[in-house]
Amino acid sequence: MRKFRTIELREALSLRKIADSGQCFRPGEIGDGVFRFISGNEVLELRQRGDCAVEVSCDAESWDKVWRTYFDLERDYSAIQRDIFESGDTLLAEATVHGDGIRVLRQEPFEMLVSFVLSQRKSIPAIRTAVRELAEAYGEATEAPSGETVFLFPKPEVLAGSSEESLRNLGLGYRAPYVLDAARRVADGRLDLDAVRDLPDEELFAELQSVHGVGKKVANCVMLFGYGRTERVPSDVWMQRIVSEGYQGVDPLIARKHAGILQQYLFYYALTHKERFIPRKARDENRKEKRRNESCDTN
DNA sequence: CTCCAGGTGATGG
DNA sequence: CCATCACATGGA
């Protein structure tokens, strides 16, 4: 293992919570408390050293130019948390304490686009597997600081040169043509992921949804996690459960500043307290419903 | 084996 | 505009 340098931070940074918070699918613990993150062509390995310090494998220049931005370290999360505590929303406050150290990462738009297109109707572990296999099949190999070989996220042109059949063979199922459409649009310039960076929210939102298989939820994920649009709130099953089970159906994030970051605290809280947000009644009714349908079929 | 998963597009009211 | 439905497959 390469020599690590210690970085002191102004605010909490939790590698584990970030890796487990559902906003990224490739980062994770590679053993012995060491986490690996990948951004573009760079591979970072690092270790937690208390709440506000990490030991990193990279040099100072790479940390400042790549990873400080990636981990959104310029933003004042303490101020955001203060606002939350002052708002009197006790569930959100609890989620914020529980999720302290989470940052909303600034990841690559193309990776976010493809990853969240893949994510539909998949569990988070299954998404991780799919993204890793996609990278192993189409991404460039590179040497990680540990010496291991890792695969970068595939370039649009490489994916675009693939075929629906080979993507299906990776297990992408009905999402294979969606991934291909995304890659082709980016590769041939119909969707310019650099140019759209400057568009206002609603125009970027519409532009992203021009891709087959990209609806509101995926578009919002790309905007939040790929373009740092922190007002965007991806609404998925878990956010819907939070609103219905925790807020009597009234969305707590409307008209909140940095709603996307608040969303991330709530989402992580729900992921780690699932029982609390799965309506038991609805589950039982679903079961009964299915049994009824089956008995009808046999009649 | 069953159930469900960070949804979306197509179709029909 | 809203309600359904099919969609492929891995993980628990």
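In the text below, chain A, chain B and the rest are named by the order of the sequence lines, each starting its count at 1. Note that these values count all heavy atoms, side chains included, but never hydrogens, waters or copies made by symmetry.
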Of all residues at least two apart in sequence or in a different chain, which pass the ring pair (Phe, Tyr, Trp, His ring centres under 6.0 Å) check with Tyr227(A)? none

If you take any heavy atom closer than 4.0 Å to DNA chain C, which residues from residues 201-231 of chain A end up in contact? none

More than 12 heavy atoms of other residues, nucleotides or ligands under 6.0 Å from NZ of Lys155(A): is that the case? yes

Pairs under 3.5 Å (Watson-Crick or G-U), crossing ones as [ ], inter-strand ones as |: DNA chain C comes out as |||||||.||||

Scan Ser21(A) against the nucleic acid and name what it touches under 4.0 Å (heavy atoms): base, sugar-phosphate only, or nothing. base

Can you tell me how far CH2 of Trp67(A) sits from OG of Ser62(A), rounded to the nearest 0.5 angstrom? 7.0 Å

Does this structure show an ion pair linking Glu11(A) with Arg103(A), if we count only N-O contacts that are shorter than 4.0 Å? yes

When the P atoms of dT11(B) and dA8(C) are considered, how many whole Å apart are they? 15 Å

What pairs of residues pass the side chain to side chain donor-acceptor pair (under 3.5 Å) test when at least one of them lies in residues 124-133 of chain A, not counting sequence neighbours? none

For the pair Glu245(A) and Arg276(A), find out whether any cationic side-chain nitrogen is under 4.0 Å from an anionic carboxylate oxygen. no

Counting primed atoms plus P, OP1 and OP2 as sugar-phosphate and everything else as base, spell out the protein contacts along nucleotides 5-12 of chain C at 4.0 Å heavy-atom distance: B, S or - for each nucleotide, 5' to 3'. --BBS-S-

Just to be sure I understand the rule, does Arg128(A) reach a base, reach only the sugar-phosphate, or reach nothing, if contact means heavy atoms closer than 4.0 Å? nothing

Sugar-phosphate only, base, or nothing, as touched by Gln263(A) at under 4.0 Å among non-hydrogen atoms: base

Does the Gln23(A) side chain pair with the main chain of Cys221(A), one donor and one acceptor, at a distance under 3.5 Å? no

Nucleotide dT8(B), atom P - distance to CG of Leu113(A) in whole Å: 12 Å

Measure the shortest side-chain to side-chain distance between Glu45(A) and Phe35(A) over non-hydrogen atoms and say whether it is less than 4.5 angstrom. no

In terms of side-chain geometry, is the basic nitrogen of Arg26(A) or Glu108(A) positioned less than 4.0 Å from the acidic oxygen of its partner? no

Name of the residue among Phe110(A), Tyr178(A), Phe25(A) meeting ring pair (Phe, Tyr, Trp, His ring centres under 6.0 Å) with Phe116(A): Phe25(A)

To the nearest Å, give me how far apart CG (Leu118(A)) and P (dA5(B)) are. 18 Å

With sequence neighbours excluded, what pairs up with Arg190(A) under the salt bridge (Lys or Arg N to Asp or Glu O under 4.0 Å) test? Asp188(A)

